[in-house]
Protein chains: 2
Amino acid sequence: MLVAVDCVIFGFDAGGLQVLLIRRGVAPMKGMWALPGGFVLPRESVDEGARRELLEETGVERVFMEQVGTFGDVERDPRGRVVSVAYAALVRLEDHAVRAATDAAHAAWFDVEDPPTLAFDHAAILAAAREHLAMKARRRPIGFDLLPLRFTLSQLQGVYECVHGREIDKRNFRKKVLALGVLEELEAWQEDVPHRAARLYRFDRPAYDRLAKSGVNFEV
Amino acid sequence: MLVAVDCVIFGFDAGGLQVLLIRRGVAPMKGMWALPGGFVLPRESVDEGARRELLEETGVERVFMEQVGTFGDVERDPRGRVVSVAYAALVRLEDHAVRAATDAAHAAWFDVEDPPTLAFDHAAILAAAREHLAMKARRRPIGFDLLPLRFTLSQLQGVYECVHGREIDKRNFRKKVLALGVLEELEAWQEDVPHRAARLYRFDRPAYDRLAKSGVNFEV
DNA sequence: ACAAAAGTGTTGAACGTACACCCATGC
DNA sequence: GCATGGGTGTACGTTCAACACTTTTGT
């Protein structure tokens, strides 16, 4: 029995929530889009395998990945009996210019609302990862892992709207998120936008860590 | 590489939250207490393997198990490279008179607050399952899977106090749980108790299913 | 009579939600 | 000057937390 890992890497840009996929360079399902991943080696933990495969196939490293679940149907892989452990992570799109490597002919970002047909049971894994992300967003301030270091409140609101799939009132959102006290207001504004420039904010991690310890929830 | 399953089965009685363990009948760690579980067979899914092992080792069947996580450290099992998928379930203690079977010399319930030393990394799996249970309790009405068909509000409150590890105000608890409208008030009372007899209630599943669809949360 | 748990309401504070208009900028 | 998104406050209703005493039953 083989143990594999598959990584669902989420990014965010103006077009909404994105997911990182690779085009398979080897059989089976050569040429199809799939989640980055591969087999766990005998001398590495499953967690280590996930990090290694992600780096080899996409060049993405140093991200915090969480387990989403394990997919163990008998027929899920035509190569034989393969049980796959799925991981999810959030990255800043700008920080991760992806590159093709090893058995991944290409790596590219896709809108999660409109992904290509995926190999194996990766569509189910992607769906589970989105559900996991929506749950996680209730407990942690996910926006800060997805956005640039300096961001506007509208960008942050966009993250939550994408993740939860509903619109949020602008005034109420600002009130809640500012009241948390984990945003640092910068003396800096957007540039080169065809409308009034928005103020930029930065995530105050020490303040967040203090809050998280006391068990606050980040539902918005 | 071998794939195993381990099952964390929670029950509830007057002594608090309980967990079902087996005494290992074979090496390695023969004689130690462990979570029921074993290896997944080539022709069954991981989910099926968990149900089969639980039945074989403890006689418990027809329970709804959820994945807790997958444990994949290289050194977690002295027999070699074993990746284990952990499952958790809630059962009514009274419905499951456990029995020893196959390679489990004994099966018995233990207080989750004070379990024996466990084999392999099962202490870590148990801790993860408890965390999973506390999270699950925020979204679903877990009490009803753990209690007898007819129960008192104090018993239900006891479940939540155990799971969340804190005391709850009796009046506020009753207000909230009754307001949910998923309890059916019975014309029946406790018997043979050395104090005023408490009214019995029953879980109204159709009402709950209607609520759950509309996305209510069950935090108490 | 006493021990033990059942049962019952109110109040004040905090929070969530709904809602509309003016502002700055680039074209 | 117009289109685009930025930025701001209030009022109402709901929910939550804190809190103490009387009732019933068995011994």
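The analysis underlying the following values was restricted to heavy atoms, covering all of them including side chains, and did not include hydrogens, waters or symmetry mates.
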Please tabulate, one pair per line, each protein N/O and nucleotide N/O from nucleotides 12-17 of chain C that are separated by under 3.5 Å, including the distance.
from	atom 1	to	atom 2	distance (Å)
C:dT17	O4	A:K175	NZ	3.3

Produce the list of close N/O pairs, under 3.5 Å, pairing protein atoms with atoms of nucleotides 4-8 of chain C; give distances to one decimal.
from	atom 1	to	atom 2	distance (Å)
C:dA6	OP1	B:S154	OG	2.7
C:dA6	OP2	B:S154	OG	3.0
C:dA6	N7	B:K170	NZ	3.4
C:dG7	OP1	B:R199	N	2.7
C:dG7	OP2	B:R174	NH1	3.2
C:dG7	OP2	B:R174	NH2	3.4
C:dG7	N7	B:K170	NZ	2.7
C:dG7	O6	B:K170	NZ	3.3

Check the pair A:R140 / A:Y208 against side-chain hydrogen bond (donor to acceptor under 3.5 Å, both in side chains), numbers first and verdict last.
CA-CA 9 Å; A:R140 324 226 116 220; A:Y208 161 64; 2.7 Å; yes
Could you please spell out the steps behind the salt bridge (charged side-chain N to carboxylate O under 4.0 Å, His left out) verdict for A:E56 and A:R52?
CA-CA 6 Å; A:E56 287 179 8; A:R52 178 185 50 74; 3.3 Å; yes
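Ring to ring, B:F144 and B:F151 are close: their centroids are under 6.0 angstrom apart.
Panel note: side chain A:E57, backbone A:I22; no donor-acceptor pair is recorded below 3.5 Å. No donor-acceptor distance shorter than 3.5 angstrom exists from the side chain of B:H106 to the backbone of B:R23, with no hydrogens or angles considered. When atom types are taken as modelled, the side chain of B:E53 and the backbone of B:A50 share no donor-acceptor pair closer than 3.5 angstrom. Of the possible polar contacts, one joining the A:Q18 side chain to the A:G16 backbone as a donor-acceptor pair under 3.5 Å is found. The main-chain N or O of B:L147 is found under 3.5 Å from a side-chain atom of B:R92 such that the two form a donor-acceptor pair.
To the nearest angstrom, P of C:dC21 lies 15 Å from CG of A:D169. Going from atom CG of A:L156 over to atom C1' of D:dG7 covers 16 Å, rounded to whole Å. Atom-to-atom, CZ of A:F173 to P of D:dT8 comes out at 14 Å; the value is rounded to the nearest Å.
If you check every strand for non-hydrogen atoms under 4.0 Å, A:D192 touches nothing.
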